There are 2 protein chains.
Amino acid sequence: MAVERKRWQREFGDWFHQVIWESGLMDYRYPVKGCGVWLPYGFKLRNNVLNLMRRLLDETGHEETLFPLMITSDMVKKEAIHVKSFEDQLFWVTKAGDRKLDEELALRPTSETAIYPMMQLWIRSHADLPKRVYQVVNTFRYETKATRPLIRVREISTFKEAHTFHATFEEAERQVEEAVRIYSQFFDSLAIPYVVSKRPEWDKFPGALYSIAYDTVLPDGKVLQIGTVHNLAQNFSKAFDITFENAEGLREYVWQTCYGISERVIAALIAVHGDDKGLILPPGVAPIQAVVIPIPYKSKEAAVTEKSREIKKVLEKAGVRVWLDERDKLTPGSKFYEWELKGVPLRIEIGPRDLEFRNLTLVRRDTMEKFQVPEEEAASRVLETFSEIQSSLSRKASEWLRQRIHQAGNPEEAVALFREKQGIVEVGWCSKERCGLTWEEETGLQVLGIAWGETSLNGGVCPICGEKVGRVLRLGKPY
Amino acid sequence: MAVERKRWQREFGDWFHQVIWESGLMDYRYPVKGCGVWLPYGFKLRNNVLNLMRRLLDETGHEETLFPLMITSDMVKKEAIHVKSFEDQLFWVTKAGDRKLDEELALRPTSETAIYPMMQLWIRSHADLPKRVYQVVNTFRYETKATRPLIRVREISTFKEAHTFHATFEEAERQVEEAVRIYSQFFDSLAIPYVVSKRPEWDKFPGALYSIAYDTVLPDGKVLQIGTVHNLAQNFSKAFDITFENAEGLREYVWQTCYGISERVIAALIAVHGDDKGLILPPGVAPIQAVVIPIPYKSKEAAVTEKSREIKKVLEKAGVRVWLDERDKLTPGSKFYEWELKGVPLRIEIGPRDLEFRNLTLVRRDTMEKFQVPEEEAASRVLETFSEIQSSLSRKASEWLRQRIHQAGNPEEAVALFREKQGIVEVGWCSKERCGLTWEEETGLQVLGIAWGETSLNGGVCPICGEKVGRVLRLGKPY
């Protein structure tokens with residue numbers, strides 16, 4: 001039954017396609033290009049990831065809402081810079097049945113223009129602020145480049161967008177910091193390593209004052225943007241006329257932020273932790289955290305079955321998402337193969353020798369390490385192993401990213417480093433846009449931005465203009 | 001702050017619009033007709049209702065999935081009868097940016113035609129059967145009639161559809177029974193009363209062998225369809241070529257069923273239980289089950305506050321979704337007004353007298369009954385009151401529906417009964433389509449179908465053709 005498995009790092013692109021489908025996450029053979037189906041196993045993973053995010057947002061005063069999908073062209077066009085950047089990618093509904101619609105309707109590419117006209121109705125006074133809403137929806141962009149599962153799609157099936165509204169610029173600034181704290185905690189929980197960069201002026205979210213982005217590096221050395229946080233200042237509130245009455249009774253425009261993640265988070269989760277055998281899922285979000293596999297042996301079948309069921313119950317009671325694989329037509333070996341592919345963090349084998357010594361045999365998916373634990377300690381040892389797996393995945397992934405961030409002194413060095421090692425190249429920057437663009441031209445790489453929240457750099461001069469360097473500029477090849 | 005409240009029964013249409021918006025469930029002022037926004041309170045209610053359904057489906061072997069929104073015209077047109085009934089209502093995406101698409105894409109009106117091409121790939125052998133999937137998605141229909149919140153909309157924001165695949169007709173029949181059991185349990189949990197009817201041939205789901213529908217009666221006497229179950233036989237599997245290899249190695253077409261509910265369930269929940277003061281939500285799905293309102297009284301403020309916080313914690317620990325309303329700028333009276341409007345099942349008042357006697361004052365939203373319980377029994381008495389409210393809502397709602405089902409012997413009687421009492425009129429039927437259609441013509445009512453699962457009727461003759469009557473036929477004015 002085993003087909004040739006693509007190798008995780010050397011054949012990353014093919015590995016990624018293959019493992020998404022074979023592990024039961026998604027199927028992209030759907031007849032519309034760039035649109036995939038979430039299969040039951042994938043849907044559960046998606047839910048666990050989203051629920052992690054929901055918990056973080058709910059705890060910090062965000063309320064979940066759901067806005068309509070279609071947007072009138074009037075709404076879409078209100079913020080001029082914003083629409084300009086999206087308009088080539090908008091899908092338009094122009095007819096119903098065979099009747100032409102009086103007004104063409106766009107499928108949301110993101111929901112600023114759907115949400116803000118309603119906020120204009122809802123926000124009246126400073127007592128209504130701050131206001132923080134979010135939603136998890138599908139969004140649509142007509143990608144003309146080659147599509148790629150979970151990374152570049154036409155229906156983004158999983159877009160979590162938060163939008164916040166404040167009385168002052170300072171409060172919006174604090175919200176940006178809060179969003180960065182939330183997202184960092186979210187990615188940390190998933191053991192996804194990242195760098196946080198302030199995007200350069202020429203690559204910020206259209207309509208934003210500035211944009212902050214989370215980037216990670218995939219096994220092919222390319223950079224994947226996995227989350228963004230934007231300070232919108234009053235750009236949208238002016239376009240959509242969202243005002244409030246301040247404590248002095250005067251009308252002011254609200255200050256806004258927005259921040260989003262998409263199914264790219266799951267792409268990163270798959271890509272960063274995987275190996276040649278398939279997925280490796282962190283226990284925190286794995287749909288099945290442990291699989292119990294009975295190893296039957298002549299005349300011991302009944303006892304093995306009974307013990308396996310007992311252990312399953314014990315683990316369930318301890319809150320473990322456990323699966324007992326009792327399929328009798330498959331050999332233990334083919335079960336191992338399948339659950340390894342699906343990335344289940346822990347395998348528990350129960351065979352005649354385990355019965356005899358009142359042991360369980362545990363096999364960690366991440367390290368493939370095999371060890372025995374006493375049966376009566378099943379629950380505690382399993383939970384303990386989960387947290388070891390989680391920390392180990394975090395450590396390994398951070399180390400992985402660390403090794404893919406390089407420092408270069410000039411464009412030639414940057415090119416050489418990138419050619420050899422890919423990933424992200426950090427260079428000193430004088431903060432002038434012109435030199436930033438020259439870095440891009442001379443390296444063929446793209447500016448990711450400056451390191452967010454890090455103190456300014458002292459030392460060295462810009463190899464392009466010769467002026468003093470004050471910032472760390474990051475360069476890479478983004479998806 | 002109180003605006004004039006519309007009356008629940010006498011001004012039902014206006015009441016319904018008003019209460020949905022003022023209670024914080026939804027806002028339909030969105031700029032696209034027939035599309036509404038779920039507000040935070042409404043979104044939580046929607047979630048609780050959906051999670052009830054998810055639990056029932058997950059327990060019975062259904063797996064949640066998520067399919068794309070857009071469907072190619074080839075896919076849409078595969079099942080001829082099916083497409084014919086929808087084609088006037090299909091929204092079409094015809095361009096991206098300003099480029100015409102090579103292939104026009106429909107927004108799903110329901111997902112048969114999105115799901116079945118994938119099943120054609122996934123189902124290979126009898127070992128893959130039965131297969132049961134479901135999803136909760138938005139669907140789109142260009143309604144030309146007047147739209148109405150939650151009832152007749154262009155974006156159905158909440159459509160739960162299940163699709164099942166079987167090796168035999170008998171198994172599909174059993175699945176239909178299972179679906180009826182699941183839906184009955186679902187509506188029972190929501191205390192929504194219903195009749196189950198087999199729709200007449202001329203009103204079944206396009207492409208189905210037969211359709212079963214859940215109907216309820218709203219305060220205006222009109223009938224609302226709130227759920228449907230269809231046996232699709234092999235109609236779609238033949239159109240989409242979904243086959244399996246049976247145990248003898250022969251290819252056969254699968255047998256299918258599908259069943260769905262929408263946000264109309266929430267419309268029914270609002271309409272059936274409401275009153276002149278606003279919503280009345282069953283405790284099982286209420287976003288807030290109990291609200292604690294401190295009644296401050298000179299010099300006792302601190303003690304009242306302290307006790308209120310303590311009770312909130314006690315209830316939270318007992319698993320109650322409780323809210324403590326500490327807003328100090330509002331009088332208790334205006335808080336009562338607001339939480340009554342929002343339908344919170346139980347109000348807990350804590351004032352100086354309650355402190356003195358170590359009591360809590362409980363007020364039931366459904367009956368407005370007010371009573372004291374000893375403070376130390378808070379959790380148990382609150383939980384007990386929830387189940388009393390739940391049973392009482394069920395009893396009241398069933399009785400309500402029972403009183404709106406009438407029996408008539410001939411068309412004139414049916415017309416007179418309906419004019420006086422609205423609701424559903426039951427008549428004897430000879431089972432001939434011609435007589436069914438004559439019933440419709442002569443009464444101006446619509447045939448809902450025959451009573452599902454009830455034994456056949458003996459006695460009487462059809463007043464139209466004079467032949468023996470064998471079935472109960474239901475008539476009403478559906479939304």
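Since the structure is predicted, the reported quantities are computational estimates derived from the model, not experimental observations. The sequence lines fix the lettering, A, B, ..., with proteins before strands; numbering per chain opens at 1.
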Is chain B contacted by the side chain of A:Arg154, its backbone, both, or neither, given a heavy-atom distance below 4.5 Å?
neither
Heavy-atom distance under 4.5 Å to chain B: side chain of A:Tyr41, backbone, both or neither?
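Neither the backbone nor the side chain of A:Tyr41 comes within 4.5 Å of chain B.
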Any donor-acceptor pair under 3.5 Å linking the side chain of B:Glu155 with the backbone of A:Leu69?
yes
Within the side chain of A:Arg29, is there an N or O that forms a donor-acceptor pair under 3.5 Å with the backbone of B:Leu121?
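Here the side-chain-to-backbone pair does not exist.
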Any side-chain heavy-atom pair of [X] and [Y] under 4.5 Å:
{"X": "A:Gln135", "Y": "B:Trp38", "value": "no"}
{"X": "B:Ile71", "Y": "A:Val32", "value": "no"}
{"X": "A:Phe67", "Y": "B:Val37", "value": "yes"}
{"X": "A:Tyr30", "Y": "B:Met75", "value": "yes"}
{"X": "B:Trp122", "Y": "A:Leu39", "value": "yes"}
{"X": "B:Val93", "Y": "A:Thr94", "value": "no"}

Segment of [X] engaging chain A (4.5 angstrom heavy-atom cut-off):
{"X": "B:Arg46", "answer": "side chain"}
{"X": "B:Ala106", "answer": "neither"}
{"X": "B:Thr144", "answer": "side chain"}
{"X": "B:Arg141", "answer": "neither"}

Quick check on [X]: does its [atom1] atom have over 12 non-hydrogen neighbours (other residues, nucleotides or ligands) under 6.0 Å away?
{"X": "A:Lys335", "atom1": "NZ", "result": "yes"}
{"X": "A:Lys77", "atom1": "NZ", "result": "no"}
{"X": "B:Lys95", "atom1": "NZ", "result": "yes"}

Determine the minimum heavy-atom distance between [X] and [Y], stating which atoms define it.
{"X": "A:Gly97", "Y": "B:Trp92", "result": "O-CD1, 3.6 Å"}
{"X": "B:Leu66", "Y": "A:Ser157", "result": "CD2-O, 4.4 Å"}
{"X": "A:Pro31", "Y": "B:Thr72", "result": "O-CG2, 4.0 Å"}
{"X": "B:Pro68", "Y": "A:Gly36", "result": "CG-O, 3.4 Å"}

Between chain B and each of A:Val137, A:Leu107, A:Val133, count heavy-atom pairs under 4.5 Å; write down the option with the most.
A:Leu107
Top contributor to chain B contacts, counting heavy-atom pairs under 4.5 Å, from A:Asp98, A:Ile115, A:Leu101
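Counting heavy-atom pairs under 4.5 Å, the top option is A:Leu101.
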Measuring from atom CZ of A:Arg54 to atom CG of B:Asn47, what distance do you get when rounded to the nearest 0.5 angstrom?
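So the gap between those two atoms works out to 6.5 Å.
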If you count heavy-atom pairs under 4.5 Å with chain A, which of B:Glu104, B:Met70, B:Glu103, B:Glu87 comes out on top?
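Of B:Glu104, B:Met70, B:Glu103, B:Glu87, B:Met70 has the most heavy-atom pairs under 4.5 Å with chain A.
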Could you give me the CA-CA distance, side-chain angles and deciding distance for A:Glu63 and B:Phe43, then say whether side-chain contact (heavy atoms from CB on, under 4.5 Å) is met?
CA-CA 9 Å; A:Glu63 296 188 295; B:Phe43 191 82; over 6 Å; no
Could you tell me whether A:Glu64 and B:Lys44 make a salt bridge, using a distance below 4.0 angstrom between a side-chain N and a carboxylate O?
no
